[in-house]
Amino acid sequence: MGSSGRLFNRQRSVHEILGGGLAADVILWKRKNVTVSILLVTLAAWVVFEKSGYTLLSLVSSVFLLLIIILFLWAKAASILNRPAPPLPDLHLSEEMVNEVANFIRLHVNTLLSVSQDIALGKDSRLFFKVAAYLWLIYFVGGLTDFLTLGYTSLVIILTIPALYEKFEDHIDKYGILSCRKLQQLYVKLYQDYIRRVQKWILEKKKLS
């Protein structure tokens with residue numbers, strides 16, 4: 001799989017592939033406190049949703065309702081007792097921030113529409129089969145579990161698999177390259193023994209017809 005001794009002949013480290021910023025540090029446990037906090041908070045949220053019967057919408061609504069009641073009573077009590085009002089930040093979205101978010105969404109939506117158009121018009125068969133495989137995989141996994149459990153499991157995988165890979169990178173790459181070579185050899189053997197025969201049979205049928 002390449003002369004570099006790495007899977008897919010990559011030249012960059014795992015940290016660089018993940019962006020090299022704060023997100024990469026968190027995923028690779030270089031900031032253990034942040035990573036552990038994310039896992040614990042997510043686990044607590046998952047337990048709350050699973051055991052209490054709350055949905056995301058009902059929980060968010062309850063939290064906001066409780067927050068608004070507290071702030072309202074605080075403000076009323078402060079005005080009666082001549083105390084300072086609740087310390088709230090300036091709740092304002094700048095035009096620059098809105099434009100950046102809009103441009104980000106527009107760019108990705110246009111990319112998605114372009115890909116969808118290429119698939120619908122049959123311009124890219126490989127992309128069609130790739131997207132179809134991903135959608136089938138999502139459908140299959142979605143039938144096995146609910147969205148909340150799937151989200152929590154995905155987060156755990158993201159925060160564990162890359163870190164484990166980085167730790168045992170040399171061993172994984174070594175056996176991964178050997179496995180890929182064996183798969184390539186198996187594909188060549190299957191192609192020569194079966195696929196080529198099927199292709200010849202199809203060509204002969206076409207000639208006869």
Side-chain angles (χ1 to χ4, degrees), residues 14-117 119 131-132 134-166:
V14 179
H15 190 265
E16 292 173 339
I17 291 173
L18 292 174
L22 175 62
D25 291 342
V26 172
I27 292 173
L28 297 177
W29 290 70
K30 296 185 183 297
R31 302 196 181 192
K32 292 184 179 179
N33 292 337
V34 178
T35 307
V36 171
S37 299
I38 291 174
L39 283 174
L40 290 177
V41 169
T42 310
L43 175 61
W46 179 76
V47 170
V48 167
F49 282 123
E50 284 292 315
K51 302 301 181 184
S52 67
Y54 272 107
T55 63
L56 179 61
L57 183 60
S58 63
L59 181 63
V60 171
S61 300
S62 300
V63 170
F64 272 110
L65 177 61
L66 180 62
L67 181 62
I68 289 173
I69 291 173
I70 291 173
L71 291 175
F72 177 80
L73 294 177
W74 186 351
K76 287 297 183 182
S79 63
I80 295 172
L81 302 174
N82 294 322
R83 297 289 184 179
L88 290 175
D90 185 18
L91 303 176
H92 173 72
L93 288 176
S94 66
E95 185 177 352
E96 181 182 359
M97 184 184 299
V98 172
N99 289 335
E100 287 180 1
V101 173
N103 287 331
F104 177 82
I105 294 174
R106 179 181 60 82
L107 177 64
H108 285 76
V109 169
N110 284 337
T111 302
L112 178 62
L113 292 175
S114 177
V115 169
S116 302
Q117 186 177 23
I119 293 174
V131 171
Y134 282 134
L135 291 175
W136 179 85
L137 180 62
I138 293 171
Y139 166 79
F140 177 75
V141 174
L144 298 177
T145 183
D146 59 281
F147 179 77
L148 184 64
T149 303
L150 179 61
Y152 175 70
T153 306
S154 301
L155 181 65
V156 172
I157 291 173
I158 291 171
L159 294 180
T160 53
I161 298 300
L164 290 173
Y165 173 74
E166 187 187 45

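Hydrogens, waters and symmetry mates are skipped; everything else that's a heavy atom, side chains included, is used. Note that the structure is a prediction, hence the values are computed from the model and not measured.
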Heavy-atom pair with the smallest gap, counting every atom of Pro84 and Ala78
O-CB, 3.4 Å
Mind listing the closest non-hydrogen atom pair of Thr42 and Ile38 along with its distance?
OG1-O, 2.6 Å
Between OH of Tyr152 and CD1 of Ile157, what distance do you get to the nearest 0.5 Å?
11.0 Å
Distance col, row Thr35:OG1 vs Ile158:CD1, nearest 0.5 angstrom, shows 12.5 Å
Which residues satisfy the ring-ring contact (aromatic ring centres under 6.0 Å, His included) test with Phe104, sequence neighbours excluded?
His108
Working to the nearest 0.5 Å, report the span between CH2 of Trp46 and CG of Leu43.
7.5 Å
About how many Å separate CD1 of Ile17 and CD1 of Ile27, when rounded to the nearest 0.5 Å?
12.0 Å
Which heavy-atom pair separates Leu22 from Arg31 by the least distance, and what is that distance?
CD1-NH1, 3.1 Å
Can you tell me how far CZ of Arg106 sits from OG1 of Thr111, rounded to the nearest 0.5 angstrom?
9.5 Å
For Leu159, is there any backbone N or O sitting under 3.5 Å from a side-chain donor or acceptor partner on Trp29?
yes
Using only atom types and a distance under 3.5 Å, with no angle test, would you say the side chain of Ser114 pairs donor to acceptor with the backbone of Asn110?
no
I need the Tyr165 OH to Leu28 CG distance, nearest 0.5 Å.
11.5 Å
Quick one: closest heavy-atom pair of Leu18 and Ala24, and the distance?
CB-CB, 3.8 Å
